[in-house]
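Structure first, commentary second.
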Protein chains: 2
Amino acid sequence: MHFDPSQLAALSAILRHGSFEAAARDLNVTPSAVSQRLKALENRMGTPLVIRDTPCRPTPAGQRLARHAQDLSLLEAQVAKDLGMTSAPARVRVAINADSLATWFIPSLAGSELLFELEVDDQDHSADWLHQGAVAAAVTARETPVRGCACHALGALRYIPTASPAFMARWFSAGVTRETLSRAPVLTFNAKDQLQVSWIRQTTGHALRPPTHVLPSTQAFVDAALAGLGWGMNPQVLVEAHLQNGDLVPLIDGAKLDTPLFWQVARHVSEPLRPLTASVRRRARAALVQPDQH
Amino acid sequence: MHFDPSQLAALSAILRHGSFEAAARDLNVTPSAVSQRLKALENRMGTPLVIRDTPCRPTPAGQRLARHAQDLSLLEAQVAKDLGMTSAPARVRVAINADSLATWFIPSLAGSELLFELEVDDQDHSADWLHQGAVAAAVTARETPVRGCACHALGALRYIPTASPAFMARWFSAGVTRETLSRAPVLTFNAKDQLQVSWIRQTTGHALRPPTHVLPSTQAFVDAALAGLGWGMNPQVLVEAHLQNGDLVPLIDGAKLDTPLFWQVARHVSEPLRPLTASVRRRARAALVQPDQH
DNA sequence: CATCCTGAGTAAGTTTTTCTAATGCATTTC
DNA sequence: GAAATGCATTAGAAAAACTTACTCAGGATG
């Protein structure tokens, strides 16, 4: 039972680009060829692999095969490297939380020979992506290794509860208390974002439900704080300058929340991803808060 | 850069069977097809892959590609399994020391869906096979993990220095001493076999060089001891019955040498080999000497 | 409501690939 | 030194994969 590489490439391209036509352009063939390749593959597998929609989405079997296609191209890239050949760069899917992406992660990708497809999701959920095999590696908040994955501690991303001075004057003139915190508008990244309520609970000991803005963009999150729309937990590195020049102030002096992060790599591709893993760890050591070394 | 699966299969079959003709029979094609497939692959790689000899042997590049072919078929088998398909069984190469093969190992292979190609080598050298990627897993004496491999302790194989009663009467009537040990003929499995001299050094504190028979066969080794040809370190399980009925006796009562063994699996195929790993460990727990649990 | 546009699927014909069959040419074997 | 073995090569046949051209469905447009 062999899987035809060009058929797998077609499946990959369709899912990556969302349509048969775009996939055909990417593969330098006619859309008809792509259609025939996928049909042949679906016939062989005896089940549909792609849900024809805009954009196209994989069925469970399609997802599994797409993963195989990715694994295969990583393995082939490793062979090519071992034999000193040049080859088309392999693609690798990586799950990453938005704040890591906005702050420290990108530079660790530079210099790699791979092509990246980043999936942005909450750090608490990226482990699921890994577990399903939808990505080959992930930055995750989960410390226990996902089955079949190697886990590397990266350090912690430090968040600081921040707001504009005007916002502070309006909502917290009476101090940061249980009462003021439950009335002042809070910024939330999305429905999964628990950082603000975590910090409130950690600080006040109560689970409050303040009025909430939802802004699923790291940059918008900072801008909203600057504009006095609300307060929110912002990555220290993103607001450092604003804190220096007084455009933003911490809700409480010295207040912070550290979120430990981990790099998990599917072990069956750990060898081809070894340089990436090294690069990510190096970058994290420089950019994240490291636990005290005793 | 795709590798054609049928070309890889040809390479695999050639190396497995040692000739193009046998490979052709195995693949149900004409020898010409095999020749053309390999030629196409060699052209693509820009280097010879097979040394045409009897039997055919791989060049370094050929070895690396053959490994890729094996990895690929394991990955494909895993995909097929995940999708509930039937598929041709994948082949897996395993390095194993002769005494493990003769005593406890075989039953752990039963019930697997894989096809095995065992490479018999000394337990101290099987790690090299792994490191070069020539095998996907190995029973080895090496405790430190080979790069890219997961290591599982299996317990120890217990050896007992044994000889026939007649041999004892002839050579050790004066007791087992430095003098008698340096004169009595010793059995050796092969040039790599250090068990006998290890035990002598462990027992007497001296590195002696007694006259040596070389018998590279586990069964012949026991037979030679029974025949009074020499004494040798025999796996306890192989000589238990002979010790019971007096055909063999230990050189020194209660003397033994435990050789700890480890199961090392290349991590990139650890998932498809998971059932095998479980089976080997289960069997080893039952058949090998386990370290005291405190 | 008819029309246009986009994107997937299908059919037919052509190109490319890959096989078999036949043959050649070494090397080994008796 | 004839027969046998085994790989390489070639030509032609068979199979596979592609392109072109067309059809069909669904959504946007006038």
- Please work out if A:Asp4 contacts a base, only the sugar-phosphate, or nothing of the nucleic acid, heavy-atom cut-off 4.0 Å. sugar-phosphate
- Protein-nucleotide distance (A:Phe20, atom CZ; C:dT10, atom C1'), rounded to Å: 13 Å
- Ionic contact status for A:Glu113 with A:Lys81, cut-off 4.0 Å: no
- Query: Given atom CG of B:Leu11 and atom P of D:dC7, what is their separation to the nearest angstrom?
  - Reply: 14 Å
- Query: Taking atom NE2 of B:His2 as the centre, does the number of heavy atoms from other residues, nucleotides or ligands within less than 6.0 Å exceed 12?
  - Reply: yes
- In whole angstrom, give the distance that lies between atom CG of B:Leu49 and atom C1' of D:dC7. 16 Å
- If only atom types and distance count, is the side chain of B:Arg37 paired as donor or acceptor with the main-chain N or O of B:Ser32 below 3.5 Å? no
- Side-chain donor/acceptor of A:Ser35 to backbone N/O of A:Pro31, under 3.5 Å: no
- Query: Short question: side chain of B:Ser108, backbone of B:Val280 - any donor-acceptor pair under 3.5 Å?
  - Reply: no
- Examine D:dG26: is either OP1 or OP2 under 4.0 Å from a nitrogen or oxygen in the side chain of A:Arg52? Give yes or no. no
- Between B:Asp53 (CG) and D:dA8 (C1'), how many Å, whole number? 17 Å
- Item | Closest to side chain of B:Ala33, choosing from D:dC7, C:dT20, C:dG9 | C:dT20
- Item | Between D:dA17 (C1') and A:Leu27 (CG): distance, integer Å | 14 Å
- Could you state the CZ-P distance from A:Arg25 to D:dC18, rounded to the nearest angstrom? 18 Å
- A:Ile14 has an atom CD1; how far is it from atom P of C:dG9, in whole Å? 8 Å
- Query: Can you tell me if the side-chain N/O atoms of B:Arg37 get under 4.0 Å from OP1 or OP2 in C:dC19?
  - Reply: yes
- Message: Counting distance alone, no hydrogens or angles: does the base of D:dT9 have a donor or acceptor under 3.5 Å from a partner atom on the side chain of B:Ser32?
- Response: yes
- Query: Can you tell me if the side-chain N/O atoms of B:Lys39 get under 4.0 Å from OP1 or OP2 in D:dC7?
  - Reply: no
- Note: for B:Ser19 and B:Gln36 on DNA chain D, the residue whose nearest nucleotide lies more 5' is B:Ser19
- Message: Using whole Å, what does the distance between atom P of nucleotide C:dT18 and atom CG of B:Leu41 come to?
- Response: 12 Å
- Task: Under 4.0 Å between any heavy atoms, over every strand shown, what does B:Val29 touch: base, sugar-phosphate, or nothing? Just pick one.
- Result: sugar-phosphate
- Query: Given D:dC7, C:dG9, D:dT9, which nucleotide is nearest the side-chain atoms of A:Ser35?
  - Reply: C:dG9
